[in-house]
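Notes for the one structure printed next.
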Amino acid sequence: MSDKDVSDWWQTSIIDMEPGRIDIRGTPIQELIGAITFPQMIWLMLRGDLPTAPQAKLLDAALVAAVDHGPQAPSIATARMAITCGVGLQNAMASAVNTLGDVHGGAGEQAVMLYHNAAEHGVSEALALWRRTHGPIIPGFGHRFHKPRDPRAPRLLELVASAAEAGVVSGEFAKIAEEIQTALETGKGKPVPMNIDGATAVIFAELGFEPPLARGLFVLSRSVGILAHAWEQSQKGERNKGPTPPHYRWTYKNDAP
């Protein structure tokens, strides 16, 4: 294999590097260090350019809002249990992140998909299509724990509204989300408020992130909470801590004929 063949094994526009030089998206890393924030760096890595300060502020708000939801969340519980098994922080974090699937962690991506569909076909058709293909649960709306509403969503929507007034974002997806909420409440005859996934999905859609990146960004955010819980648990000296206290028993069902 020639040198040319080897150099073409991987191709990327993200980073160029040689001894003594690291360029991220064409900018020397030393010019970025201390000059941009972590949300700006995330944007640069994913999009290839730098966001405006108001765009970065909106992204930052979404990342801050979703960092944690307590030990009852499967991802956080997984991290804490893993630590008590004697693994390192990185192992606990990896175990936790791997639980962030379609049901726990995927609603933001699904909500962005729903918003895009509604933008193209209208809210009624988008909801009908979602129900036909995915079932009755609409991602981003309602919450089994927070009654009457998720306290994070209204604040995020306030920030989106301010950004729309300033011309930072269009406000199109915020309006679509509100229309979906109204349609759901009309159909159920009771409040079905937007939750954190629906609100962060509004921000990600308004900022132009593709649906799969909405989940990736959520994983980045929730990883902060995962790390914090894993570290806290590591300081307790507890061993082999399962999902329930030892004196609790599971339900045994004899399926033998």
Side-chain angles (χ1 to χ4, degrees), residues 10-18 20-69 75 89-90 93-94 96-97 100 105-113 115-116 140 152-174 177 194 196-231:
W10 296 114
Q11 294 187 28
T12 177
S13 58
I14 297 172
I15 185 171
D16 190 23
M17 186 172 65
E18 61 186 13
R21 179 177 66 84
I22 303 172
D23 292 350
I24 301 293
R25 297 288 192 182
T27 301
I29 189 65
Q30 62 268 28
E31 295 181 15
L32 298 172
I33 298 171
I36 67 172
T37 64
F38 191 46
Q40 288 175 309
M41 190 63 171
I42 293 171
W43 185 297
L44 176 63
M45 290 290 287
L46 295 177
R47 307 275 285 268
D49 61 356
L50 282 170
T52 65
Q55 287 174 326
K57 182 178 180 180
L58 202 54
L59 175 59
D60 186 52
L63 295 173
V64 167
V67 292
D68 191 18
H69 200 242
S75 54
L89 284 174
Q90 78 279 9
M93 292 181 71
V97 166
L100 296 174
E109 176 183 0
Q110 295 160 3
V112 175
M113 292 170 57
Y115 298 163
H116 279 293
R152 300 163 290 186
R155 176 56 181 157
L156 291 176
L157 294 176
E158 287 175 5
L159 294 173
V160 173
S162 296
E165 288 179 9
V168 177
V169 296
S170 69
E172 173 191 8
F173 292 103
M194 199 180 311
I196 180 66
D197 298 307
T200 53
V202 167
I203 290 178
F204 297 145
E206 291 282 355
L207 292 176
F209 288 99
E210 293 297 322
L213 286 178
R215 188 183 312 209
L217 290 166
F218 170 77
V219 170
L220 284 176
S221 173
R222 184 54 59 89
S223 291
V224 177
I226 289 169
L227 173 60
H229 279 273
W231 176 248

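In this text the structure is predicted, and so the values were computed from the model without any measurement. Throughout, residue positions are numbered sequentially from 1 according to the sequence presented.
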Please examine the side chains of Lys57 and Val168, heavy atoms only from C-beta on, and report whether any two atoms are closer than 4.5 Å.
-> no

Taken to the nearest 0.5 Å, the spacing of Phe173 CZ from Ile203 CD1 works out to 13.5 Å

Out of curiosity, Leu32 CG to Thr27 OG1, how far, rounded to the nearest 0.5 Å?
-> 5.5 Å

Is the shortest heavy-atom distance from the side chain of Asp68 to the side chain of Val224 under 4.5 Å?
-> no

Quick one: closest heavy-atom pair of Ala174 and Glu206, and the distance?
-> N-OE2, 3.0 Å

Asp60 to Pro39 - nearest heavy-atom pair and separation | OD1-CG, 3.3 Å

State, yes or no, whether a side-chain contact exists between Gln55 and Leu58 at a heavy-atom distance under 4.5 Å.
-> no

How long is the span from the CG atom in Asp23 to the CD atom in Glu31, to the nearest 0.5 Å?
-> 8.5 Å

Stepwise side chain to side chain contact (heavy atoms under 4.5 Å, CB included) test for His69 and Ile196 | CA-CA 10 Å; His69 200 242; Ile196 180 66; over 6 Å; no

Arg215 to Phe204 six-membered ring, cation-pi geometry met (6.0 Å, 45°) = no

Find the distance between CD (Glu109) and OG1 (Thr200) and round it off to the nearest 0.5 Å.
-> 12.0 Å

If every non-hydrogen atom of Met194 is compared with every non-hydrogen atom of Ala153, which pair is closest and at what distance?
-> O-CB, 3.4 Å

Rounded to the nearest 0.5 Å, what's the gap from CZ on Arg47 to CZ on Arg25? Could you check?
-> 10.5 Å

Minimum-distance pair of heavy atoms, taken over all atoms of Ala56 and Pro51 = CB-CG, 3.9 Å

Ile226 and Ser75 have their tightest heavy-atom pair at CD1-CB, 4.3 Å

Hey, could you give me the CD1/CZ distance between Ile42 and Phe209, rounded to the nearest 0.5 Å?
-> 8.5 Å

What are the two closest heavy atoms between Gly198 and Ala111, and how far apart are they?
-> CA-CB, 4.5 Å

